[in-house]
Amino acid sequence: MPVRSMEAFPATSPGSPEPRIVPPSVTVTATARLHFGFLDPSGRGPRPFGSFGLSLDRPKTQLTLKRAAELKVSGPERERAARYLKRIAASCGVTHAYALHIDEAIPPHAGLGSGTQLALAVGTAFAALEGLALSPQEIAARLGRGARSGIGIFTFEQGGAVLDGGPGDGALPQIFARVPFPAEWRALLILDPASRGLAGESETAAFDSLPDFPASEADELHRRITQSALPALANDDFATFCAEVGHLQAVMGAYFAPLQGGPYVSAGVSDVLVWLSSQGVTGLGQSSWGPTGFAFVGSEDEGDTLLTGLRARAKTGRLEFALTRGRNDGAVIEINPQENR
């Protein structure tokens with residue numbers, strides 16, 4: 001993860017007799033991710049879950065943490081952020097009070113990884129402020145993130161397109177492969193602010209209600225991603241990458257359809273994706289539980305052309321659109337040399 005610092009604030013372990021200068025504040029910026037799907041969405045096979053996804057350059061979560069006389073958390077998603085801050089501090093035996101301000105937050109329950117990015121941003125800011133060497137994986141474990149998918153953890157840490165191997169023996173998922181996303185390609189996001197994807201207890205209950213996923217299909221998805229989709233990314237083979245993402249999405253849509261009322265959560269997003277498919281777009285689908293949809297285009301110009309067509313359609317009035325880039329770097333940590341608020 002990129003770290004920007006104007007001064008040196010060396011870390012010390014808890015209980016160290018050496019004095020330590022505490023930075024005035026720490027700012028962390030993390031970005032959204034797309035989740036294309038699981039290799040075994042039931043989580044009951046020999047290789048449970050295992051997920052494929054991509055870091056985006058936006059939307060983003062940006063927050064600043066500093067010590068304070070009493071706890072104060074402000075900005076969007078402040079209640080959830082406060083819980084993460086209290087939990088990470090308690091897990092480290094730290095009793096200081098803090099002021100936490102969230103400047104921006106990834107929309108919650110939209111399928112863009114808002115919860116994991118917020119948790120990791122809060123935990124990383126806390127660790128940097130207190131001089132504690134906590135990795136994103138350690139922070140995720142302390143804050144209860146990443147039980148099924150490691151995509152959010154690894155995109156926070158490294159960016160790029162990531163495949164994880166799924167959880168095992170009580171451990172968080174481990175990274176299996178990471179490939180940079182081509183600079184000229186774009187991801188068109190279709191956002192439905194009026195709809196929400198599953199999360200929390202509802203998500204857990206949904207997974208528990210689903211049937212076993214055939215091992216032969218899980219093996220086939222693993223083969224297609226590792227032997228086709230990832231090499232296509234590495235070789236700038238747009239058509240093959242899109243075909244493989246489209247196939248994975250079709251499998252996920254059919255598997256989760258009983259819980260979603262179809263392959264997609266949002267009727268508006270579904271309408272757009274059907275139209276995009278009719279225009280010859282193949283690399284498209286729904287990120288995680290949605291409602292956010294996505295479609296890949298080979299260039300900025302192609303994306304602008306599609307956006308013009310979408311905005312002209314009568315049925316997309318409540319929807320929002322964004323043309324995004326893949327992000328090949330992790331979250332940014334800024335050690336601020338002086339008070340910035």
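Here the structure is a predicted model, which is why all the values come from computation and not from measurement.
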Donor-acceptor check, side chain of [X] to backbone of [Y], threshold 3.5 angstrom: yes or no?
X      : Y      : value
Thr292 : Ala110 : yes
Glu302 : Gly298 : yes
Asp164 : Pro173 : no
Arg142 : Ser91  : yes
Arg178 : Gly159 : yes
Gln117 : Ala119 : no
Ser287 : Gly290 : no
Ser277 : Val274 : no
Arg58  : Leu323 : yes
Arg33  : Gly111 : yes

>> Show, in sequence, the C-alpha distance, side-chain angles and deciding distance for Phe181 and Leu233, and conclude whether the side chain to side chain contact (heavy atoms under 4.5 Å, CB included) test is met.
In response: CA-CA 7 Å; Phe181 194 74; Leu233 272 176; 3.7 Å; yes
>> Counting only heavy atoms from other residues, nucleotides and ligands, does the tally under 6.0 Å from CD of Gln174 exceed 12?
In response: no
>> Would you say that more than 12 heavy atoms from the other residues, nucleotides or ligands in this model lie under 6.0 Å from the CZ of Arg78, or not?
In response: no
What's the separation between atom [atom1] in [X] and atom [atom2] in [Y], rounded to the nearest 0.5 Å?
X      : Y      : atom1 : atom2 : value
Glu244 : Thr282 : CD    : OG1   : 10.0 Å
Arg44  : Leu210 : CZ    : CG    : 7.0 Å
Glu220 : Leu248 : CD    : CG    : 11.5 Å
Thr61  : Asp103 : OG1   : CG    : 10.5 Å
Leu143 : Ile88  : CG    : CD1   : 4.5 Å
Gln62  : Thr31  : CD    : OG1   : 11.5 Å

Report yes if some heavy atom in the side chain of [X] is under 4.5 Å from a heavy atom in the side chain of [Y]; otherwise report no.
X      : Y      : value
Ser209 : Leu259 : yes
Leu85  : Leu71  : yes
Glu334 : Val26  : no
Val162 : Ile175 : yes
Pro108 : Glu77  : yes
Glu300 : Arg325 : yes
Pro41  : Phe256 : yes
Phe156 : Val28  : yes

> Do the two ring centres, one from His222 and one from Phe176, sit under 6.0 Å apart?
Replying inline: yes
>> Please confirm whether the ring centroid of Phe238 lies under 6.0 Å from the ring centroid of Phe296.
In response: no
>> Before you tell me yes or no, could you show the steps for Leu191 and Leu319 under side chain to side chain contact (heavy atoms under 4.5 Å, CB included), namely the whole-Å CA-CA distance, both residues' side-chain angles and the distance that decides it to 0.1 Å?
In response: CA-CA 6 Å; Leu191 304 136; Leu319 302 181; over 6 Å; no
Ignoring hydrogens, what is the shortest heavy-atom contact between [X] and [Y]? Give both atom names and the distance.
X      : Y      : answer
Leu129 : Pro23  : CD1-O, 3.4 Å
Pro193 : Glu320 : CG-OE2, 3.5 Å
Gly123 : Ile139 : C-CD1, 3.5 Å
Ala194 : Arg318 : CB-NH1, 3.9 Å
Pro263 : Ala257 : N-CB, 4.3 Å
Ser266 : Asp192 : OG-OD2, 2.6 Å

> Where do Ser299 and Glu184 land on the side-chain hydrogen bond (donor to acceptor under 3.5 Å, both in side chains) test, with the steps shown first?
Replying inline: CA-CA 5 Å; Ser299 69; Glu184 66 275 15; over 6 Å; no
Flag for [Y]-[X]: side-chain donor and acceptor within less than 3.5 Å:
X      : Y      : result
Ser114 : His109 : no
Thr27  : Thr64  : yes
Thr116 : Arg145 : yes
Ser149 : Ser51  : yes

> Between Asp212 and Ser42, is a side-chain hydrogen bond (donor to acceptor under 3.5 Å, both in side chains) present by the stated rule, with each step listed?
Replying inline: CA-CA 5 Å; Asp212 291 353; Ser42 74; 4.7 Å; no
> Of Glu130, Lys86, Lys72, which is the lone residue that meets side-chain hydrogen bond (donor to acceptor under 3.5 Å, both in side chains) with Tyr98?
Replying inline: Glu130
>> For a side chain to side chain contact (heavy atoms under 4.5 Å, CB included) check, start with the C-alpha distance between Gln137 and Ile153, then their side-chain angles and the critical distance, and finish with the verdict.
In response: CA-CA 7 Å; Gln137 290 80 6; Ile153 300 170; 4.0 Å; yes
> Leu34 and side chain to side chain contact (heavy atoms under 4.5 Å, CB included): which partner among Ile151, Thr155, Leu189?
Replying inline: Leu189
> Are Arg327 and Asp57 within salt-bridge range, i.e. N to O under 4.0 Å?
Replying inline: no
> What's the verdict on side chain to side chain contact (heavy atoms under 4.5 Å, CB included) for Leu54 and Phe36, showing C-alpha distance, side-chain angles and the deciding distance?
Replying inline: CA-CA 8 Å; Leu54 170 70; Phe36 303 141; 3.8 Å; yes
>> Could you work out, with ring pair (Phe, Tyr, Trp, His ring centres under 6.0 Å) as the rule, every residue matching Phe154, not counting sequence neighbours?
In response: none
